[in-house]
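What follows is a single structure, written as structure tokens, with notes after it.
Only this structure's heavy atoms are used, side chains among them; waters, hydrogens and symmetry mates stay out. Convention: sequence-line order gives letters A, B, ...; per-chain numbering from 1.
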There are 2 protein chains.
Amino acid sequence: MGRAVSVDDEQIHARLGEVFRANGYAGASLSALSEAVGLQRASLYHRFPTGKHAMATAVLTSVEARLRQALEPLTSDLDVADAVAEMCTRLAGDYRDGRLSCVLDTMTLTGAPDDIRAQAGRLAQYWIEAMAAAAVRAGATEAEAARRARAALVRIEGALVVARALNDPSVFDQMLAELPGLLAA
Amino acid sequence: MGRAVSVDDEQIHARLGEVFRANGYAGASLSALSEAVGLQRASLYHRFPTGKHAMATAVLTSVEARLRQALEPLTSDLDVADAVAEMCTRLAGDYRDGRLSCVLDTMTLTGAPDDIRAQAGRLAQYWIEAMAAAAVRAGATEAEAARRARAALVRIEGALVVARALNDPSVFDQMLAELPGLLAA
DNA sequence: GTCTATATTTGGATAGAC
DNA sequence: GTCTATCCAAATATAGAC
């Protein structure tokens, strides 16, 4: 048996994620990633042989898992507005009440490899579809549900940007309060 | 008299701006900035003695001037909904119909110097105040106008992020169509 | 005012000891 | 599995010729 790992994968992905989310792909230096994880740069290359690219892929996969958990209430038998409210509660945690940026924003800038940006794009698509399904369950037509779901993602991403620009995280929580009404009108 | 300039300041600021907006502060390399402007790196340092930081400051100042132009209809004697529609037309041009990102998003990531982020924050504040004034003119209370104005900026920034993530610029133009109704309800 | 050339630091990545 | 040491490329910035 080899040497025991000093940090488990889940924690590594979470800490890498914070650096990528805050700095973007290009801005996330190996030094910053290394320091956040608590491993030397060379040790990170042992876990991620293809380097920064593999780290970003792992982060997006980990983000996808968190997103699935946040969206899980939407497929429950809860009242739709309540289900959306529960999604919002989980999102508030994932985004530290508006203090953390979203990978859909910061990892889709020019400078990120194309496949990373494509992977982020699929996340956005998946998220919209899940919210649209909830809107349909609330009685909306397919077209109206798609419109509302896209509007919801627009507000989520926009609130995170504005919260960051104004240095006022409360913008995010206030926006979340409007989402049940938007999706389950 | 010295040698004539080969590129005027306005064009330089516009081209630097495109690079900063697409790549963020950290991702905007001197090489990329130099190539976009059509001057060697050393020539950029002649125009901007303190380097990248001065370029970013100049870009934000230039963006502020463009923003003032876009917001100018809001202080005209037009019907408020028409004024907002005119603002939207101008914004569509500034953001190339959703194909260009916003400095409030990409220049506020960790990695940008604090004063650059603060300058961007003041831009956001100014923008919100101008839209709130329009909402007041449309009959909203101060509190309601502030709420609508912030919601409008949230949607603008969010639509740009989602358009980029989905690689679908039309998200931006579709969002713009909703702004007159939002601000001048 | 712009250029070529260069200094210096940081970034991404690898080799090999333990 | 993690580390120190190192390589190479790219990034920021400067010097000095024209």
Side-chain angles (χ1 to χ4, degrees), chain A residues 1-60 106-107 109-117, chain B residues 1-59 106-107 109-116:
Chain A
M1 310 226 319
R3 178 176 302 194
V5 298
S6 62
V7 192
D8 71 32
D9 279 2
E10 200 169 347
Q11 269 210 344
I12 287 187
H13 296 157
R15 294 182 182 178
L16 292 177
E18 290 189 22
V19 177
F20 276 113
R21 289 165 73 178
N23 301 84
Y25 185 90
S29 71
L30 268 289
S31 304
L33 293 163
S34 158
E35 187 177 12
V37 169
L39 289 176
Q40 294 299 322
R41 275 173 302 193
S43 305
L44 276 181
Y45 277 94
H46 177 77
R47 306 281 191 106
F48 305 95
T50 60
K52 192 172 172 176
H53 185 279
M55 297 178 212
T57 301
V59 162
L60 286 180
T106 65
M107 292 181 80
L109 299 190
T110 307
D114 284 346
D115 63 325
I116 295 293
R117 298 172 60 176
Chain B
M1 308 224 326
R3 181 176 298 194
V5 298
S6 62
V7 193
D8 70 33
D9 279 3
E10 200 169 348
Q11 269 209 344
I12 287 187
H13 295 157
R15 294 181 182 178
L16 292 177
E18 288 190 22
V19 178
F20 275 113
R21 289 165 72 177
N23 301 85
Y25 184 90
S29 72
L30 268 290
S31 304
L33 294 163
S34 158
E35 187 177 14
V37 169
L39 289 176
Q40 294 300 321
R41 286 188 301 256
S43 305
L44 277 181
Y45 277 95
H46 177 78
R47 306 282 192 107
F48 305 95
T50 59
K52 194 173 174 177
H53 185 278
M55 297 179 212
T57 300
V59 162
T106 65
M107 292 182 81
L109 299 191
T110 307
D114 284 346
D115 62 327
I116 295 293

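Counting non-hydrogen atoms under 4.0 angstrom, A:Ala28 reaches the backbone sugars and phosphates but no base.
Following rounding to the nearest Å, B:Met55 (CE) and D:dT12 (P) show an atom-to-atom distance of 9 Å. Here the C1' atom of nucleotide D:dA11 and the CG atom of B:Leu44 are 14 Å apart, to the nearest Å. Rounded to an integer number of Å, the gap from A:Gln40 CD to C:dG11 C1' is 15 Å. Here C:dG12 presents its C1' atom at 19 Å from CZ of A:Arg47, a figure rounded to the nearest Å. Atom CG in A:Asn23 sits about 15 Å away from atom C1' in C:dT10, given to the nearest Å. Atom pair B:Tyr45:OH and C:dC3:P shows a separation of 15 Å (rounding to whole Å applied). Note: CZ (A:Phe48) to C1' (D:dT2) measures 15 Å, nearest angstrom.
For B:Lys52, whose side chain is taken as the heavy atoms from C-beta onward, the closest listed nucleotide among D:dT12, C:dA13, D:dT2 is D:dT12. For A:Ala42, the side-chain atoms get nearest to D:dA5 when compared with the rest of C:dT4, D:dA13, D:dA5. Listed candidates were C:dT2, D:dA11, D:dC3. Nearest to the side chain of A:Leu39 is D:dC3. The side chain of A:His46 lies closest to D:dG1, out of D:dC3, C:dG12, D:dG1.
Relative orientation of the B:Phe20 and B:Tyr25 rings is parallel, given thresholds of 30° and 60° on the angle between their planes.
Close to C:dG11, at under 4.0 Å from its OP1 or OP2, lies a side-chain N or O of A:Ser31. Residue B:Ser43 places no side-chain N or O under 4.0 Å from the OP1 or OP2 atom of C:dG1. Taking 4.0 angstrom as the limit, B:Arg41 places none of its side-chain polar atoms (N or O) nearer than this to OP1 or OP2 of D:dA11.
Remark: B:Asp114 CG is loosely packed, at most 12 non-hydrogen atoms of other residues, nucleotides or ligands lying under 6.0 Å away.
The shortest distance between side-chain heavy atoms of A:Leu44 and A:Lys52 does not fall below 4.5 Å.
Positionally, the nearest nucleotide of DNA chain C for B:Ser6 lies more toward the 5' end than for the other of A:Pro49 and B:Ser6.
The structure places CZ of B:Arg47 at 10.0 Å from CG of B:Leu16, a figure rounded to the nearest 0.5 Å. Rounded to the nearest 0.5 angstrom, B:Asn23 CG and A:Thr110 OG1 are separated by 5.0 Å.
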